[in-house]
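Below you'll find the structure, written out as structure tokens, and then a few comments.
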Amino acid sequence: MNPLIILTAATGPREGARPGTAIRPIQAADLPELSVMYRDSYADGLPQPEDRAVGWIDALLGGAHGRHVPEASAVKAAPDGQLAAAIIVTEPAPGSEGDWDSEIAELFTHPDHRRQGLAEELLGHCLHTLHALGRTRVAVTVDSGNSAALALYLSRDFRRLSNDDGD
């Protein structure tokens, strides 16, 4: 496994929304489909052991990583109605150190819907919503080998947390 990198960014208002299917809050009925989409999204290497991956989405939404922030967590469906991408935002886990008040626990896109800007739309929604909630800084932990994720976050002004910043 590659080293993990913590990136942080200021929250802010959303740039122009793109046309297409709406971004909507995660609903309880989405959980089974979200869990399958999460597993499929990381088919090349789940961040957790397979047995932990089952139920990981339920655990995140239940507060296992810090209190879930439902207003900033969302899904985007494909034109056929199936879920295509999701973002789950939490408060920092108890005992976390850092100057952020929110964390992107997961941002993933089903492999059949990649390279369509869905993750970027969800990230924009998240940053805008957190800003509207009065939250000023968000963090995300990224596998250093995940070049697509790093490119996305860096394009949205996320910056690497240096060792001097509490890493």
Side-chain angles (χ1 to χ4, degrees), residues 1-2 4 7 9 11-91 93 102-133 135 138-156 158:
M1 184 167 154
N2 296 313
L4 299 176
L7 303 171
T11 64
R14 183 181 345 188
E15 297 165 12
R18 298 169 62 188
T21 59
I23 293 172
R24 65 169 176 79
I26 296 171
Q27 300 166 354
D30 295 329
L31 296 180
E33 189 176 355
L34 272 176
S35 293
V36 170
M37 185 175 69
Y38 175 76
R39 185 199 65 222
D40 292 348
S41 296
Y42 289 105
D44 294 336
L46 283 165
Q48 302 89 15
E50 182 74 30
D51 61 334
R52 184 172 172 213
V54 175
W56 176 240
I57 301 302
D58 294 328
L60 280 176
L61 297 175
H65 185 315
R67 192 183 74 77
H68 175 228
V69 181
E71 302 90 344
S73 301
V75 294
K76 183 135 175 110
D80 65 5
Q82 290 190 315
L83 297 183
I87 190 167
I88 299 173
V89 181
T90 66
E91 291 180 348
S102 305
E103 292 185 5
I104 298 171
E106 292 291 347
L107 174 56
F108 54 98
T109 303
H110 189 280
D112 293 344
H113 301 284
R114 290 191 178 142
R115 305 221 183 278
Q116 298 175 23
L118 303 179
E120 186 175 358
E121 287 182 64
L122 286 170
L123 183 57
H125 164 81
C126 166
L127 295 173
H128 174 78
T129 302
L130 290 172
H131 180 74
L133 292 171
R135 295 173 182 257
V138 63
V140 63
T141 301
V142 181
D143 183 306
S144 62
N146 189 340
S147 59
L150 287 170
L152 170 64
Y153 292 117
L154 293 174
S155 76
R156 295 300 304 241
F158 278 73

TODO: Kindly write out the residues that satisfy side chain to side chain donor-acceptor pair (under 3.5 Å) with H68, not counting sequence neighbours, or none if the list is empty.
DONE: S73
Quiz: residues 23-34 side-chain donor-acceptor pairs under 3.5 angstrom, not counting sequence neighbours:
residue : atom : partner : partner atom : Å
R24     : NH1  : D30     : OD2          : 2.7
R24     : NH2  : D30     : OD1          : 2.9
R24     : NH2  : D30     : OD2          : 3.4
D30     : OD2  : Q27     : N            : 2.8
E33     : OE2  : L83     : N            : 2.7

Open item on the list: Is any side-chain heavy atom of V75 closer than 4.5 Å to one of M37?
Closed with: no
Task: Rounded distance (nearest 0.5 Å) linking atom OG1 of T129 with atom CZ of R135 - done: 11.5 Å
- [ ] Could you tell me whether the side chain of V69 reaches within less than 4.5 Å of the side chain of L133, counting heavy atoms only?
- [x] yes
Task: G55 backbone acceptor or donor facing S35 side chain under 3.5 Å - done: no
Open item on the list: How close do A86 and L122 get, counting heavy atoms only, and between which atoms?
Closed with: N-CD1, 3.4 Å
TODO: Report the distance from atom NE2 of H110 to atom CG of L118, rounding to the nearest 0.5 Å.
DONE: 12.0 Å
- [ ] Determine the minimum heavy-atom distance between L152 and S155, stating which atoms define it.
- [x] O-OG, 2.6 Å
TODO: Output all residues satisfying side-chain contact (heavy atoms from CB on, under 4.5 Å) with A93, sequence neighbours left out; order by chain, then residue number.
DONE: H65, S96
Open item on the list: With rounding to the nearest 0.5 angstrom, report the CD to NE2 distance, E71 to H125.
Closed with: 9.0 Å
TODO: Using modelled atom types only, decide if a donor and an acceptor are shared between the side chain of R114 and the backbone of S41 within a distance under 3.5 Å.
DONE: yes
Open item on the list: Which heavy atom of I87 sits nearest to which heavy atom of A72, and what is that distance?
Closed with: CG2-O, 3.8 Å
Task: Beyond-backbone contact of F158 with V138, side-chain heavy atoms, under 4.5 angstrom - done: yes
- [ ] Might you point out which heavy atoms bring T90 and A105 nearest each other, and give the distance in Å?
- [x] CG2-CB, 4.0 Å
Task: V142 vs L4 side-chain heavy atoms within contact, under 4.5 Å - done: no
Open item on the list: Any heavy-atom pair between the side chains of L60 and Y38 that's under 4.5 Å?
Closed with: no
- [ ] Can you see which heavy atom on A84 is nearest to which on A78, and at what distance?
- [x] CB-N, 3.9 Å
Open item on the list: As an exercise, state the distance from CH2 of W56 to CG of L61, rounded to the nearest 0.5 Å.
Closed with: 10.5 Å
Task: Heavy-atom side-chain proximity of E120 to L123 below 4.5 angstrom - done: no
